[in-house]
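Single-structure report; data block below.
So that the names make sense, note that chain A is the first sequence line, chain B the second, and so on, each numbered from 1. Treat the numbers as computed from the prediction; the structure is a model and nothing was measured.
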Amino acid sequence: MYTHEVLIAGFGGQGVLTAGQLLAYAGNLEGQHVSWVPAYGPEQRGGTANCSVVISDQPVACPLVSEPTACIVLNQPSLEKFEPMVQPGGTLVVNTSLCTTRPKRTDITVVPAPATDLAVELGAIRFANMVALGALLAVVPMVKTESILEVLPKVMGEDKAQYVPINREALKIGMEEARRVLMV
Amino acid sequence: MEPMMTMMKGNEALGEAAIRAGCRFFFGYPITPQSELPAYMARRMPEVGGTFLQAESELAAVNMLLGAAATGVRAMTSSSSPGYSLKQEGISYMIGSQLPCVVVNIMRGGPGLGNIQPSQSDYFQIVKGGGHGDYRMIALAPAAVQELVDLTILAFDLADFYRNPVALVGDGLLGQTMEPVSFPPVKTTDDDKDWALTGAHNRPKRVITSLELNPENLEAHNRVLQAKFAAMEEREARWEEYRCEDAELVVVAYGTSARIARAAVDAARNMGLRVGLYRPITLWPFPGEGLTRLAEQGVRRFLDVEMSSGQMVEDVKLAVLGRARVDFYGRLGGMVPTPREILGQIQELMGGEA
Amino acid sequence: MKRIAGMPESMSAVVTHYCPGCSHGVLHRIIAELIDELDLRGRTVGVASVGCSVLAYNYFETDFVQAPHGRAPAVATGVKRARPNLFVFTYQGDGDMAAIGTAEIIHAAARGERITAIMYNNSIYGMTGGQMSPTTLMGAVTATTPYGRSEENGRPYRMAELLAQMPGTAYVARTHVADVANIVKTKQAVRKAFEAQIRGLGFSMVEVLGNCPTNWGMTPAESNRYVLTEMLSYFPVGEFKDVTKEALAGVHA
């Protein structure tokens, strides 16, 4: 029995919700039990955003994640808010490009990854979410990379199918970075 | 579980389920957190030859619904708490006029404008009848997106069967949650009901009204309505029991609260605590029967959990009727309890750490 | 033998509850005659409102639905949208349409709903016992303006002219039924309004000035004189919008 409780957080516009949906759709594609919930507020643009994803071999009990087993924080406010909530033994991917402090927890696996810088190097800042997602999947392989790429046109729109190769590259860069820093 | 079921947000799945159930008329007014539903209907209705109409207010929307329902078609409206308050005028009239329809309330924090976060504080309003007059309506409270689909389809069938509005009750979290869903095949329905207004062509005229100035006649009309409500109470109570067989403590919760409580129940079981979950699926008729039985079987404590200050707990107490102790835990104003909070309550009530 | 008088088939052979001398019955008859003449009975749904005409459904041999106070245009919208082949009209008073139902009538008109709204404007709430309505004339004494309507109550407003501004209206007129010639003219206006709906041209409305001898504290004859003098001086009769001619011209062009 397993249940991955994932929380992804950052600024609105960083692709936080999309990254979560890709995870959930990919899990669904693989026949796992999944759910996705956005934290919603009155803002239409900007502000902070986060979403909860649950991937399990059991029907999802609570879709709202309050104590993540896996967490991605793409900015400093999200790091400050969610670091204390990660379950002991859990994983925290930190976008070090935008976080000025470093996590203090020693009972979790911290994956520091300069996701924004790596995405800029790749050619577009908007792939930071995919770099971070790759970093998470390197440590917690809850879905296959191929599943993410397969559901991508469904989640982002069929006209985005042309971006599958660059998203594949972004995921790969993230995974390599995670393996490099963790030496796994 | 079937791979590659459709992933849908609760609000959108509700809309699609309504269309599958033969609903072709949707009247709404924008309000968060249910706005995806009218948006979905606006997109989908033209594809199926249906009508989506954005009304100038919730009052207008519910009365457009009344007009459409009077012609015998399947129709619905949806709103969130402040808008549902306005719709109660039309609900009272439709119950008085014996018109079937489905009314959705995706609840948010109140009172007043409150906020747009998930809440369950409209229980009294929906279950005890916030509108005027002696009335009841079946209220269905799904806890997951698939159940939302199934209960939406059921809602239309129950509305037609009893010629009474049916409430679908959710909260912002359910509306926003995306989960895999499948849509069961649905039988087509006949709009040509023998009471519907279709024009008095080769038949006597039909009148749909809730007005009866003569009190003797209005009492008789009320007796007819009460007989229907009694039949609903007799037949339509629905609930789910989870790990209750040997439970010493049973958590009672519906909708989103029930889902969170389920995680807490699992955690408590992992600690060796004998805890179960009793989840009302119909809020009215309230499924008290199972609670009564559990109390008689030896459940010593019930813990009612709501995203309100304690509304359903009154019905829980009536069902338990002093046979066991009933405690309450609630979060207010759009706050959602966590499994850990509920687990903490369970541990406290069961005598400290396990 | 040619029939020269009788009940319209669309009118029920019952005694109405209206007060002696009240003109609601005249307006009912005009509508029933037109439903007969235009062969609409088998596809008509009337929408009754709240006020003196709340029981209108007892006086027509057509399908009817009774709406909450002020909401008749919304109910009519639902009926028409659900079954567009039906002929749908509302029958409302000035309190129902111009006070509590302002939003519904304005937006039904703005949307150009293919319905017809008939407003019986007698400038008072009749059923509840003679209170001020939005169309009560300045200085008029009512149950809630015992010293006469004054500035603090605001001034009466003109619904027909207001609705004529709405983009979705095809035909809007004001008439009165205080003398025989104008009863005939009212029937002509209501016919045009009905035809506008039948031809799908948009929303149509006729505001009909009528009396309320009971709540005005007048004899029927005095009350009709009040319509002809006081009410007509504030509420002019006429057609404020009529696209039926243009639409016809378009058909022939």
Relative to chain C, which segment of [X] carries a heavy atom at a distance below 4.5 Å: side chain, backbone, both, or neither?
| X | answer |
| --- | --- |
| R24(B) | neither |
| S92(B) | neither |
| S97(B) | neither |
| A60(B) | both |
| L65(B) | neither |

Which atoms of [X] are under 4.5 Å from chain B, going by heavy atoms: the side chain, the backbone, both sets, or neither?
| X | result |
| --- | --- |
| V45(C) | side chain |
| R81(C) | both |
| F60(C) | backbone |
| N85(C) | neither |
| A76(C) | neither |

[X] and [Y]: which non-hydrogen atoms are nearest, and at how many Å?
| X | Y | answer |
| --- | --- | --- |
| L197(B) | L86(C) | O-CD1, 3.9 Å |
| S57(B) | E104(C) | OG-OE2, 4.4 Å |
| V73(B) | A82(C) | CG2-CB, 3.8 Å |

Do other residues, nucleotides or ligands put more than 12 heavy atoms under 6.0 Å from the [atom1] atom of [X]?
| X | atom1 | answer |
| --- | --- | --- |
| Y162(B) | OH | yes |
| D39(C) | CG | no |
| E216(B) | CD | no |
| R155(C) | CZ | no |
| Q226(B) | CD | yes |

Distance (rounded to the nearest 0.5 Å) between [X] [atom1] and [Y] [atom2]:
| X | Y | atom1 | atom2 | result |
| --- | --- | --- | --- | --- |
| M64(B) | H107(C) | CE | NE2 | 9.5 Å |
| T209(B) | Y57(C) | OG1 | OH | 3.5 Å |
| L59(B) | I100(C) | CG | CD1 | 8.5 Å |
| E212(B) | Q66(C) | CD | CD | 11.5 Å |

>> Quick check on side-chain hydrogen bond (donor to acceptor under 3.5 Å, both in side chains): which of R203(B), H201(B), K205(B) does D63(C) satisfy it with?
In response: R203(B)

Are side-chain heavy atoms of [X] and [Y] found at a separation under 4.5 Å?
| X | Y | answer |
| --- | --- | --- |
| E89(B) | R71(C) | yes |
| L55(C) | L213(B) | yes |
| R111(C) | L53(B) | yes |
| V65(C) | V207(B) | no |

> What residue, out of G50(B), S210(B), P204(B), G199(B), has the most heavy-atom pairs lying under 4.5 Å from chain C?
Replying inline: G199(B)

>> Looking only at heavy atoms and a cut-off of under 4.5 Å, which of A69(B), A75(B), A200(B), A55(B) has the most pairs with chain C?
In response: A200(B)

>> Among P68(C), S12(C), A74(C), A72(C), which residue has the highest count of heavy-atom pairs closer than 4.5 Å to chain B?
In response: P68(C)

> R83(C) side chain to T71(B) main-chain N or O, any donor-acceptor pair under 3.5 Å?
Replying inline: yes

